Each structure stands twice: as C-alpha cells, then as structure tokens.
Amino acid sequence: MRSFLFTVLLICTVLAAECQTLKVSANKRYLIDERGKPFLWLGDTAWELFHKLDDQEADHYLETRARQGFTVIQAVIISEDSGLSKPDAYGQLPFLNNEITRPNEAFFDHIDHVIKKAASLGLYMAVLPTWADKVPSNRPGKDPVIIDQQKALSYGKYLGKRFAGRPIIWMLGGDRDVASSEAFNIWKAMATGLKGNGSKQLITYHPAGESSSSRWFQNDQWIDLNTYQSGHAHRYMPVYKFAHTDYHQSPTKPFLDAEPAYEDIPLEFWTYMTLDRQPTVPPSILNRDSLLVDLAHFKKGYFDDHDVRVHAYWNLLSGACGHTYGHNSVWQMFKKGGSYVIPCTSDWKEALHSKGAEQIKFLKALFNERFHQLIPDSILVKNNAQHDSTYIAAAINRQRTTAIIYLAIGQDVVTDLSTMKGPLKAWWFDPRTGQRRYIGSYNAVHQRAFTPPTSGSHNDWVLLLEERSRSKK
C-alpha cells in the first residue's frame, strides 16, 4: 500500500511540475514561477542534448546540472550538427522525408522523456524549435533551408499543442541574425503557431554573436524577454554594454545573456578553422579519439572559469534576469571518437564537472534571493572610469540596504555609501569557493576604500554590503 501511495504521489508531483510555466514580473524586469516567486535563470547550453544523448545519458546530464544549481537547460530540436540527416541516439530523424509538416513521433518521444525528466528535477527547458540555418539567413549550415512562413506556422502549432503546459520557454532563432523580411516573417509565424490555443509559455529569440533579440523584435508582443549573445571573441567582453542597451529599451522586457564565452572554447575559434558546411582543422592536432591535443593551434588561448565568472557577475549586476553558462564539450555533447563542431579537450561527461560549472552554485547562493531587487548603480563606485579587466560592476537593492560590487581582478575599490541605509556590515565573497570573509561594520559615509584579500588575474572578488539589522554573519 505504501508503495502504491508513493507511486501516486510521485506521478502527481511530476504532472504538477510539467504544468508549471514561468511568467514575467509586474515590473517587467525578471521572471516569476507559478507561485509568484522570483525565478533566477541559470542556464546551461546543451544544444545537442536531444540529438546525441539517449534517455540514460540525458538523465545523468540533467541530474548533474540540477545538483549544481542550474535552473534552465537550453537545447535545440533540429540540431545544428546535421540535424536533418544525422539520426538521434535511437536512429530517428525529426521528420519523415525531411518534411517539417510530417513530424516523426518516435523522434519526439525521446524529447518527451527529456522534458519530463527535467520537470521532475525542477528544471525548465529553453527549447529551440530549430537551429536557424534551416531558415533563410546569411550563414548557411550543413542542412538545407526547409522552413518557409507557412511551414513555420504549422510547425509552431504542432509544437505548441504537443508540449502544451510543459515547463518550457521557447527560444526561436539559433545563432543567426534576422537578415531579411522573409526571415522576420518566418519567425513571427512560428511564434504565432506556438502562442496558439492561448499558450502561456514564454518566447524569446537567440541571435548571432554580439547581437540582441531587441534589435529586431523589441516592439513585437509575442516576444516576452530579450536574449543577447555576447559571444566568444575576447576576454572581458563588455557584456554590461549589451545589458545597458536592453535595460533601457521600451517597452521594458526582462533580458539575459543566453550565450557568453563558453568554458574551454578557443578565443576566436573561427580564425583557426574552416566553418563552412564541414568544420575542419589539421588532423595532426587531434588524437585517435578526436580530442584536441595540440592546444597551441588556437593561438589566442581558451576561455576558463575566470572568464565565465567575469561575464556572469557583470551581467547579473547590470540588470539581467539571469545568466547562461556554457562549456565547449557539453553544448555539442562531444563523445570521444565522435563528430565535433569545434575541437574539444574532453568529452561531455568529464566536462560536466569543470570549475565554471561547479561554481554556479556559489553564484546562485549570492543572487537567488537578491537579484530581483537589484538596480545597476554607478554612483556606488567612485573609481570606476575603467574598462576591460578593470571595469567594476555594482548594483544596489531598491531599499538601499544591500549593495554588491564585483572586482574582476581584485583591484581596490572606493565606494560612496552615503545613499545607503546604515550602519553596514561588509564581507568579501569568494566566487571561486562561495566562502565569506567578514570585513567589519561601518557607518554609511561618503567615501570608503576597500582592498580585496588578493589581486591580479583570476583573483576576482565580490564586496557585499548589507544593513546591519538585515545581515547575517
């Protein structure tokens, strides 16, 4: 009897989770869950999840990410890596005869499993109906263009009906700018199909590097939040500039960086390889497992956990409603000996436990209860006429009782605390370990200088200031 009741309870819990959809807050600055609680988007780019992993592998991936504190998983149905011609782990293709109006139900059954598993773990899925190379664009991919306006509407209706009520955010696009009115109308038609039957699921758009969805769709009612891709061009990408632009857009919409620099991806990888229809690098730089062994081939080096932290903290302190992490091996679910888009130094299972991924839980611990109240505040920092690695990001809550300041290289910071409510307690928060170091108690004075425990590259620190009556040591 107990076993039966437990099974019933588990089924009810899963069904309830599947019916949860996110909403936009009243002030249009962040997302809320079905209970009205502020929801911090902490995403992972798992673009090839549906395409390359079987059910058991997907379960392992999702369970790992849930333990690490992620809240959103970004994956694509028709993948970039030959999604129309290369079958999934069960030998299935998404459509019959490559006709988008004839979905292959066996292919979508696997997607059902992944979405249900994510829901059981409290994870939301940000699902791309297709990678954008299947729509007319200025960057052709491996697959042919198969989607026009009429087919986009039909496909959107199919997806909206099949996945109605599931904990999904629909993410149109896929690393492409909107290059023509034809493409614009195709995406709009797909959104119209998804919104059919009164769907409450949110919709956004994933653009190419160094672009935001607000560039094309800001005034469209179907897009509920903006995403930008700060991209993989260089370290200390000024993500705060993208954030500043979207923060001041009208009408107001939540926004986030849906693709910052991935951990372990080469800087400007496109400079050192052919990326047309078949990615190529000299065979000599790979071993028998197709793993990258000659790291010097990509001459500008690789993004690491410090780069991940810099962009995450800069984004969240610049008004973003969340942030997305990525790893070069995980987004493409690279398996040893398998195909790749960009060469990898490890397979996806090993990469799950990279430093940057494990540090997401520390980011969550600091921001989860605070992010929705934070307002970017340049007045807090007196010595912030800087850029690149020396830029200092700062934000304060609406009650002016809490301030968070991020120092990418552990530099000294001079603060203006005169507008805060005091007395204040101050801590150093270590974004690498999640540990706090108590600094002291202070009155809210005009200027006060703080020196982090360490400085230099990879020695980033967070200065946390809280009203004494609200703080916990």
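Just so we're clear, the structure is a prediction, and the values are computed from it rather than from any experiment. When a residue number appears, it is its place in the shown sequence, counting from 1.
- Screening Ile396, Asn397, Thr401 against Met420 for a side-chain contact (heavy atoms from CB on, under 4.5 Å) leaves a single residue, Ile396.
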Notebook entry, point to check: Going through the distances and angles, do Glu350 and Lys336 end up as a salt bridge (charged side-chain N to carboxylate O under 4.0 Å, His left out)?
Noted result: CA-CA 11 Å; Glu350 295 168 335; Lys336 292 176 181 178; 3.6 Å; yes
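- Ring-centre distance between Phe450 and Tyr442: below the 6.0 Å cut-off.
- In terms of modelled atom types and a separation under 3.5 Å, the side chain of Ser318 and the main chain of Ala243 share no donor-acceptor contact.
- With sequence neighbours left out, Phe39 forms a ring-ring contact (aromatic ring centres under 6.0 Å, His included) with Tyr124.
- None of Lys364, Arg309, Arg432 except one satisfies the side-chain hydrogen bond (donor to acceptor under 3.5 Å, both in side chains) rule with Gln359; the exception is Arg309.
- With respect to the salt-bridge test (charged N to carboxylate O, under 4.0 angstrom), the residues Arg448 and Asp416 do not qualify.
- With salt bridges taken as basic N to acidic carboxylate O contacts below 4.0 Å, one links Asp224 and Lys195.
- Residues Asp264 and Cys344 fail the side-chain proximity criterion, which asks for heavy atoms closer than 4.5 Å.
- Within 6.0 Å of NE2 in His353 there are more than 12 heavy atoms belonging to other residues, nucleotides or ligands.
- At least one donor-acceptor pair under 3.5 Å links the side chain of His311 to the backbone N or O of Met237.
- A distance of 8.0 Å separates CG of Asn219 from OG of Ser250, quoted to the nearest 0.5 Å.
- In terms of modelled atom types and a separation under 3.5 Å, the side chain of Thr45 and the main chain of Tyr325 share a donor-acceptor contact.
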- Please test Tyr30 against His372 for ring-ring contact (aromatic ring centres under 6.0 Å, His included), starting from the C-alpha separation and ending with a verdict. CA-CA 6 Å; Tyr30 54 92; His372 62 289; 5.6 Å; yes
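- Checked against a 6.0 Å centroid threshold, the rings of Phe429 and Phe362 do not count as neighbours.
- Counting non-hydrogen atoms of other residues, nucleotides and ligands closer than 6.0 Å to CG of Asn443 gives a total of 12 or fewer.
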### Task
Assess whether salt bridge (charged side-chain N to carboxylate O under 4.0 Å, His left out) is satisfied between Arg215 and Asp246, documenting all intermediate values.
CA-CA 9 Å; Arg215 177 179 168 187; Asp246 279 355; over 6 Å; no
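- A salt bridge does not link Lys349 with Asp347: every distance from a Lys NZ or Arg NE/NH1/NH2 to an Asp or Glu carboxylate oxygen is 4.0 Å or more.
- With a 6.0 Å radius and a threshold of 12 heavy atoms from other residues, nucleotides or ligands, Lys421 has its NZ atom at or below the threshold.
- In plain terms, the two heavy atoms of Phe242 and Ser211 that are nearest each other are CE2-N, 4.3 Å.
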Exercise. Apply side chain to side chain donor-acceptor pair (under 3.5 Å) to the pair His306 and Asn459, showing each step before the final yes or no.
Key: CA-CA 8 Å; His306 178 251; Asn459 283 280; over 6 Å; no
Determine, stepwise, if the pair Gln332 / Tyr340 fulfils side chain to side chain donor-acceptor pair (under 3.5 Å).
-> CA-CA 7 Å; Gln332 52 191 312; Tyr340 65 87; over 6 Å; no
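- Remark: side-chain polar atoms of Thr433 are paired, donor with acceptor, to backbone N or O of Gln435 under 3.5 angstrom.
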Exercise. Should Gln56 and Asp54 be marked as a side chain to side chain donor-acceptor pair (under 3.5 Å) after you check the CA-CA gap, both sets of side-chain angles, and the distance that decides it?
Worked result: CA-CA 6 Å; Gln56 186 176 8; Asp54 62 25; over 6 Å; no
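- Annotation: ring-ring contact (aromatic ring centres under 6.0 Å, His included) contacts of Trp170 (sequence neighbours excluded): none.
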Discussion item. Let's go through His323 and Asp257 carefully: what are the C-alpha distance in whole Å and the side-chain angles of both, what is the deciding distance for side chain to side chain donor-acceptor pair (under 3.5 Å) to 0.1 Å, and is it a yes or a no?
Written reply: CA-CA 6 Å; His323 182 77; Asp257 193 344; 5.0 Å; no
Item to complete: Please lay out, stage by stage, how Lys241 and Glu210 fare under the test salt bridge (charged side-chain N to carboxylate O under 4.0 Å, His left out).
Response: CA-CA 10 Å; Lys241 292 184 179 180; Glu210 301 184 47; over 6 Å; no
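- Ring centers of Trp427 and Tyr438: under 6.0 Å apart, within the cut-off.
- Formation of a donor-acceptor pair under 3.5 Å by the Thr415 side chain with backbone atoms of Leu417 is not found in this model.
- With Tyr247 as the aromatic partner, Arg29 meets the cation-pi criteria of under 6.0 angstrom to the ring centre and within 45 degrees of the ring axis.
- Crowding of Leu295 atom CG: a count of heavy atoms from other residues, nucleotides or ligands under 6.0 Å exceeding 12.
- The number of heavy-atom neighbours closer than 6.0 Å to NZ of Lys361, taken from other residues, nucleotides and ligands shown, is above 12.
- Listed for the Gln74 side chain is a donor-acceptor partner under 3.5 Å among the backbone atoms of Ala258.
- Looking at Asp44 and Arg65, a side-chain N of the basic residue comes within less than 4.0 Å of a carboxylate O on the acidic one, giving a salt bridge.
- Across Tyr236, Trp314, Tyr313, a single residue satisfies ring-ring contact (aromatic ring centres under 6.0 Å, His included) together with Tyr391, and that is Trp314.
- Of the possible donor and acceptor atoms, none in the side chain of Gln229 sits under 3.5 Å from a partner among the backbone N and O of Gly174.
- In this structure, Thr227 contributes its side chain and Tyr205 its backbone to a donor-acceptor pair below 3.5 Å.
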In sequence, state the C-alpha distance, the side-chain angles, and the governing distance for His232 and Tyr262, and then conclude on ring-ring contact (aromatic ring centres under 6.0 Å, His included).
CA-CA 7 Å; His232 315 281; Tyr262 295 154; 4.6 Å; yes
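- Across every non-hydrogen atom of Trp461 and Pro452, the tightest pair is CD1-CB, 3.7 Å.
- In this structure a side-chain-to-backbone donor-acceptor pair under 3.5 Å is missing from Asp430 to Gly434.
- Residue Asp304 is tested with His458, Arg235, Lys355 for a side-chain hydrogen bond (donor to acceptor under 3.5 Å, both in side chains); the sole match is His458.
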Take Lys117 and Glu63 through the salt bridge (charged side-chain N to carboxylate O under 4.0 Å, His left out) test and state the conclusion after the steps.
CA-CA 9 Å; Lys117 178 65 177 182; Glu63 289 165 359; 2.9 Å; yes
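- In plain terms, the two heavy atoms of Ala408 and Ser389 that are nearest each other are CB-O, 3.6 Å.
- Taking CG of Leu40 as the start and CG of Asp33 as the end, the distance is 12.0 Å to the nearest 0.5 Å.
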message: Quick one, Trp47 with His206, criterion ring-ring contact (aromatic ring centres under 6.0 Å, His included). Give me CA distance, side-chain angles, the key distance, then yes/no.
response: CA-CA 12 Å; Trp47 300 133; His206 176 263; 5.1 Å; yes
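- From Ile115, atom CD1 reaches atom CZ of Arg166 across 6.0 Å, with rounding to the nearest 0.5 Å.
- Look at Lys300 and Glu268 and you find a salt bridge, because one of the NZ, NE, NH1 or NH2 atoms lies within 4.0 Å of a carboxylate O, short of that distance.
- Between Lys335 and Glu57 a salt bridge is recorded (basic side-chain N to carboxylate O distance below 4.0 Å).
- With hydrogens and angles disregarded, no donor-acceptor distance shorter than 3.5 Å links the side chain of Lys299 to the backbone of Ala296.
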